[in-house]
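Quick notes on the structure that follows.
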Amino acid sequence: MADTQTATPTPTRSGIGPDELAELRAAGSEIRILDVRTPGEFETVHIRGSYNIPLDKLGEHASEIDHEIILVCQSGNRATRAEEILEKNGVEGLRVLRGGMASWIGAGQPVERGANRISLERQVRIAAGTLVAIGAVLALVVNPLWALLPLFVGSGLVFAGVTDTCGMAMVLAKLPYNRATTCSVDSALDALKSR
């Protein structure tokens, strides 16, 4: 019988667990925490004292970040991509919070909460499921060519799984719902640059 495994993010070279990060913070370490989720996700819940620069904006500001930081996202996958982007720009000493915010909250660590929003991962599942259902119904009722819509969405999900790049998530991240007004990339960069 096969073992059942829970979904875990891709392991990174420089991960840190929630308890270890909490210990470093409690010891007074001057750790900077960069959350690369969308501003809407960040506004909903984030680690106290963390800064938000969404992954889709990080590339254009990567050269402005010049010292060690802990990278955070929802599960660890976007933070791993952020690590790759920053390493290509010469930033050293990066670490990814293993399991992301999900593991931080699961470990009972303190967070700042705001308005409740649907996470980007859930938005992708809702949008993909809706498109597949609509395409299937239209293929049965209107015209069989509508079956191309579920085929396209399914192919996109396979591509996202293989490449760890989700085009639907990139599009959804740009919607006003996911762009909170409290996100200031310039303020976050200033805080990340000052020691």
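- The side-chain hydrogen bond (donor to acceptor under 3.5 Å, both in side chains) test applied to Q74 returns R37, not counting sequence neighbours.
- Not counting sequence neighbours, E23 has no partner by the side-chain hydrogen bond (donor to acceptor under 3.5 Å, both in side chains) test.
- Taking V137 as the reference, V141 meet the side chain to side chain contact (heavy atoms under 4.5 Å, CB included) condition, with sequence neighbours excluded.
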Are E121 and R78 close enough, and set up right, to give a salt bridge (charged side-chain N to carboxylate O under 4.0 Å, His left out), and what steps lead you there?
CA-CA 11 Å; E121 285 90 356; R78 283 179 276 175; 3.2 Å; yes
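- Annotation for A82 and L58: closest pair CB-CD2, 3.4 Å, computed over non-hydrogen atoms.
- Closest approach of P150 and A136 over heavy atoms only: CG-N, 3.8 Å.
- Looking at residues two or more places apart in sequence or on another chain, you find no side chain to side chain contact (heavy atoms under 4.5 Å, CB included) involving A133.
- In this structure, W104 and I47 have side chains that are in contact, with non-hydrogen atoms separated by less than 4.5 Å.
- In terms of the salt bridge (charged side-chain N to carboxylate O under 4.0 Å, His left out) criterion, residue partners of R48 (sequence neighbours excluded) are, by chain and number, E112.
- Within the 4.5 Å cutoff, the side chain of L21 has heavy atoms near those of the L97 side chain.
- In terms of the side chain to side chain contact (heavy atoms under 4.5 Å, CB included) criterion, residue partners of L151 (sequence neighbours excluded) are, by chain and number, L148, S155.
- In this view, L138 and I134, V142, W146 satisfy the side chain to side chain contact (heavy atoms under 4.5 Å, CB included) rule, not counting sequence neighbours.
- Side-chain polar atoms of T38 and E41 form a donor-acceptor pair below 3.5 angstrom.
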Give the C-alpha distance, both sets of side-chain angles, the deciding distance and a yes or no for side-chain contact (heavy atoms from CB on, under 4.5 Å) between T44 and R113.
CA-CA 6 Å; T44 297; R113 291 196 182 270; 5.7 Å; no
I would like to know whether I33 and L71 meet side-chain contact (heavy atoms from CB on, under 4.5 Å); could you show each step before the answer?
CA-CA 6 Å; I33 301 172; L71 298 163; over 6 Å; no
Residues 123-132 side chain polar contacts: donor-acceptor under 3.5 Å, at least two apart:
from: Q123; atom 1: OE1; to: N178; atom 2: ND2; distance (Å): 3.0
from: Q123; atom 1: NE2; to: I118; atom 2: O; distance (Å): 2.8
from: Q123; atom 1: NE2; to: N178; atom 2: OD1; distance (Å): 2.8
from: T130; atom 1: OG1; to: I126; atom 2: O; distance (Å): 2.7

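- For the pair F42 and S50, the tightest heavy-atom approach, listed with the atom from each and the gap, is CE1-OG, 3.3 Å.
- Heavy-atom minimum distance, P18 versus R98: CD-O, 4.2 Å.
- By the salt bridge (charged side-chain N to carboxylate O under 4.0 Å, His left out) test, D56 pairs with K174, R179, sequence neighbours left out.
- Of all heavy-atom pairs spanning V36 and C73, the tightest one is CG2-CB, 3.9 Å.
- Here the side chain of T80 pairs a donor or acceptor atom with the backbone of G76 at under 3.5 angstrom.
- Under a 4.5 Å side-chain heavy-atom cut-off, the cluster of Ile, Leu, Val, Met, Phe, Trp and Tyr residues that includes V158 is completed by V162.
- In summary, E20 and R95 engage in a salt bridge, as defined by a charged side-chain N under 4.0 Å from a carboxylate O.
- When atom types are taken as modelled, the side chain of N52 and the backbone of D35 share a donor-acceptor pair closer than 3.5 angstrom.
- Distance check: Q109 CD to S103 OG gives 9.5 Å after rounding to the nearest 0.5 Å.
- Closest heavy-atom contact between I69 and L94: CG1-CD2, 3.4 Å.
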Decide yes or no on side-chain contact (heavy atoms from CB on, under 4.5 Å) for I70 and I16, but give the supporting numbers first.
CA-CA 8 Å; I70 306 294; I16 184 171; 4.0 Å; yes
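- The shortest distance between side-chain heavy atoms of I105 and V111 falls below 4.5 Å.
- The structure places CD of E83 at 11.0 Å from CD1 of I85, a figure rounded to the nearest 0.5 Å.
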